[in-house]
Colleague: 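Before I ask anything, here is the structure I am working with.
Keep in mind that what you see is a predicted model, and the values were worked out from it rather than measured. Order of appearance sets the numbers: ligands from 1, and atoms from 1 within every ligand.
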Amino acid sequence: MIYEPYRNKTVEPIRLLTRSQRKTSIQAAHYNLFNLRSEDIYIDLLTDSGTGAMSDTQWSALMRGDESYAGSKSFFRLKEAVNSLLGFEYFIPAHQGRSAELVLMSHFVGKGQISPGNIHFDTTTAHIEFQGGTAKSFVIPEANDPDNMHPFKGNFDVEKLEGFLKTHSKNVSLVIATLTCNSGGGQPVSLENLKDVSRLCKQYGVQFFFDAARITENAYFIKTREAEYKKWTIRRILRACCDLADGLWMSAKKDGLGNIGGFIAVRNEGLYETLKKYTILFDGFPTYGGLAGRDLEVLAVGLKEATDIDYLRWRTGQVAQLGMWLEESGITCIKPFGGHGVYIDARRFMPQIPEDQFPGQALSVYGYIEGGIRSCEIGPILRGRDPKTGKHKPGLDLVRLAIPRRVYSMNHMRHVADTFIALKKSAGMLRGMKFTYEAPLLAHFSSKFDWA
Ligand code: F0G
């Protein structure tokens with residue numbers, strides 16, 4: 001058993017509506033969990049992004065926020081934290097991950113260019129495509145098998161990447177490692193694999209960047225799963241990873257332990273000067289980048305707290321505990337369990353539901369009706385349709401239970417497990433769903449559904 005390395009100082013009441021109230025609210029939300037009001041949810045596992053609880057030190061740091069438009073003290077405090085933890089000399093705040101992506105892809109990606117990655121997160125792909133480029137996945141094949149116990153299922157297939165760079169490097173400006181690999185189930189990338197990819201990038205003259213939203217969780221997995229680094233501190237591992245990259249961006253709403261914020265960090269001064277111009281255009285003067293001074297302060301503290309080994313042990317342990325409870329009851333999840341959530345295989349949960357009746361969406365809806373839990377479909381609806389064929393892009397149909405940081409207790413997780421275990425018992429009776437309105441863009445957020 002793993003125990004919480006903190007105690008509560010403030011509490012936020014939550015309540016479980018009655019089953020009939022839950023049925024009414026999900027129907028009124030057109031069976032799309034994004035349309036629910038948060039007060040009608042008991043346990044909110046929609047995302048781990050910006051939903052964490054701040055520490056008392058972070059709340060105290062808020063008061064130090066310097067709201068000067070330019071050159072604020074808060075900017076320099078966050079810059080110092082980024083320099084000392086990650087080792088990059090140049091730093092630009094961004095209001096969240098995707099605004100950092102807009103800045104970076106505006107510079108790096110042009111029409112016809114290809115950006116290889118392990119698996120890009122959706123917003124990254126969208127920003128690459130927005131600039132006329134293509135995102136291409138080079139994750140190892142083990143990543144597609146939920147039962148495969150490979151310890152680093154976020155790794156690149158290095159041979160395949162090399163083959164690609166040999167013939168296409170002139171169309172590649174940026175290789176991206178997403179740490180951990182969210183779209184693959186929060187799976188980590190090993191330090192050895194990052195070394196190999198870094199070497200290839202140098203050899204073929206392309207930039208190597210990290211999408212570092214969950215880089216401290218990734219470092220924890222390196223420490224616990226990669227024998228050579230067992231004795232290393234998290235900070236040493238972080239630094240060793242970052243030393244391999246030309247730059248990174250981070251949605252600091254995850255491992256930055258903030259409710260909002262992000263940043264870009266690079267080594268090269270010329271690149272920094274170029275990126276700054278885009279930040280001024282999109283996000284604001286480059287010493288605030290769309291954030292309040294107090295947000296910068298919170299991240300300077302949060303980034304350091306996220307490297308604490310007791311916190312990381314608890315964090316990843318809580319995710320794994322929930323996963324184990326589900327697996328013990330015959331519910332197939334992506335294994336090994338990832339850093340920030342448990343991903344249930346919805347097709348195996350309800351094999352009688354045809355793929356075109358969206359078992360992932362249906363299971364998310366049932367999770368709400370049964371236990372007041374909000375989860376998220378990571379399947380065909382999220383991936384959307386292939387513009388050429390009009391068919392939903394292929395892949396697994398998952399329900400992600402993303403766990404906010406330092407928010408829920410193990411008893412809350414027990415309730416989540418009991419909810420899905422109860423559903424599993426009557427899985428054969430559960431029904432699929434159909435669109436009543438399919439939003440043309442990002443169908444996930446605004447489509448409407450009904451029972452099939
Ligand atoms: N990169 C990764 C790996 C992410 O997981 C996210 C967001 C982003 C970039 C974009 O950052 O939201 O700050 O603009 N992931 C959230 C999630 C939304 O629920 O997984 P953002």
Colleague: Counting each atom of ligand 1 from 1 as listed, which ones have a heavy atom of Thr178 under 4.0 Å away?
Modeller: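 Near Thr178, meaning under 4.0 Å from one of its heavy atoms, ligand 1 has 3 (C).
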
Colleague: What residue and heavy atom of the protein are closest to atom 8 (C) of ligand 1, and at what distance?
Modeller: Phe121 CD2, 3.5 Å

Colleague: Please identify which of these residues, Lys254, Arg405, Arg406, meets the salt bridge (Lys or Arg N to Asp or Glu O under 4.0 Å) condition with Asp48.
Modeller: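 The option that passes is Arg405.
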
Colleague: What distance separates Leu296 CG from Lys73 NZ, expressed to the nearest 0.5 Å?
Modeller: 13.0 Å

Colleague: Among Arg400, His340, Lys254, Arg98, which one puts a heavy atom closest to atom 15 (N) of ligand 1?
Modeller: Lys254

Colleague: Purely on distance, is any nitrogen or oxygen of Asn182 under 3.5 Å from one on ligand 1?
Modeller: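 Right, the criterion is met.
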
Colleague: To the nearest 0.5 Å, how far apart are CG in Asp255 and CG in Leu179?
Modeller: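 So the CG of Asp255 and the CG of Leu179 are separated by 10.0 Å.
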
Colleague: Taking the six-membered ring for Trp and the full ring for Phe, Tyr or His, determine whether the centres of Phe449 and Tyr31 are under 6.0 Å apart.
Modeller: no

Colleague: Show the atoms of ligand 1 that are less than 4.0 angstrom away from any heavy atom in Ser49.
Modeller: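 Within the 4.0 Å cut-off of Ser49, ligand 1 contributes 16 (C).
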
Colleague: Looking only at protein heavy atoms, identify the closest one to atom 21 (P) of ligand 1 and say how far it is in Å.
Modeller: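 So the nearest neighbour among protein heavy atoms is Gln96 NE2, 3.3 Å.
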
Colleague: Where does the angle between the aromatic ring planes of Phe164 and His168 fall among parallel (under 30°), tilted (30 to 60°) and perpendicular (over 60°)?
Modeller: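 Rings of Phe164 and His168: parallel, as their planes differ by under 30°.
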
Colleague: Purely on distance, is any nitrogen or oxygen of Ala213 under 3.5 Å from one on ligand 1?
Modeller: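 No, no N or O pair falls under 3.5 Å.
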
Colleague: To the nearest 0.1 Å, how far is atom 9 (C) of ligand 1 from its closest protein heavy atom, and which atom is that?
Modeller: Glu101 OE2, 3.3 Å

Colleague: Suppose we measure from atom 3 (C) of ligand 1 to each protein heavy atom; which comes out shortest, and what is that distance?
Modeller: Asp211 OD2, 3.4 Å

Colleague: Need the ligand 1 atom indices (1-based, order shown) with element for anything under 4.0 Å from a heavy-atom of Thr123.
Modeller: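 Those qualifying, in numeric order: 8 (C), 9 (C), 10 (C).
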
Colleague: As an exercise, identify every atom of ligand 1 less than 4.0 angstrom from a heavy atom of Ser251.
Modeller: 11 (O), 13 (O), 21 (P)

Colleague: Taking the six-membered ring for Trp and the single ring otherwise, decide whether the centroids of Tyr42 and His415 are under 6.0 Å apart.
Modeller: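 Distance test on ring centres: under 6.0 Å, yes.
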
Colleague: Give the numbers and elements of all ligand 1 atoms closer than 4.0 Å to a heavy atom of Lys253.
Modeller: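 Every atom of ligand 1 under 4.0 Å from some heavy atom of Lys253: 13 (O).
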
Colleague: Could you tell me whether some N/O pair between Arg214 and ligand 1 is separated by less than 3.5 angstrom?
Modeller: yes

Colleague: Among all residues two or more places apart in sequence or in another chain, which pass the salt bridge (charged side-chain N to carboxylate O under 4.0 Å, His left out) test with Arg235?
Modeller: none

Colleague: Could you tell me whether Phe209 and Phe108 have their ring centroids closer than 6.0 angstrom?
Modeller: yes

Colleague: What pairs of residues pass the salt bridge (charged side-chain N to carboxylate O under 4.0 Å, His left out) test when at least one of them lies in residues 111-132, not counting sequence neighbours?
Modeller: none

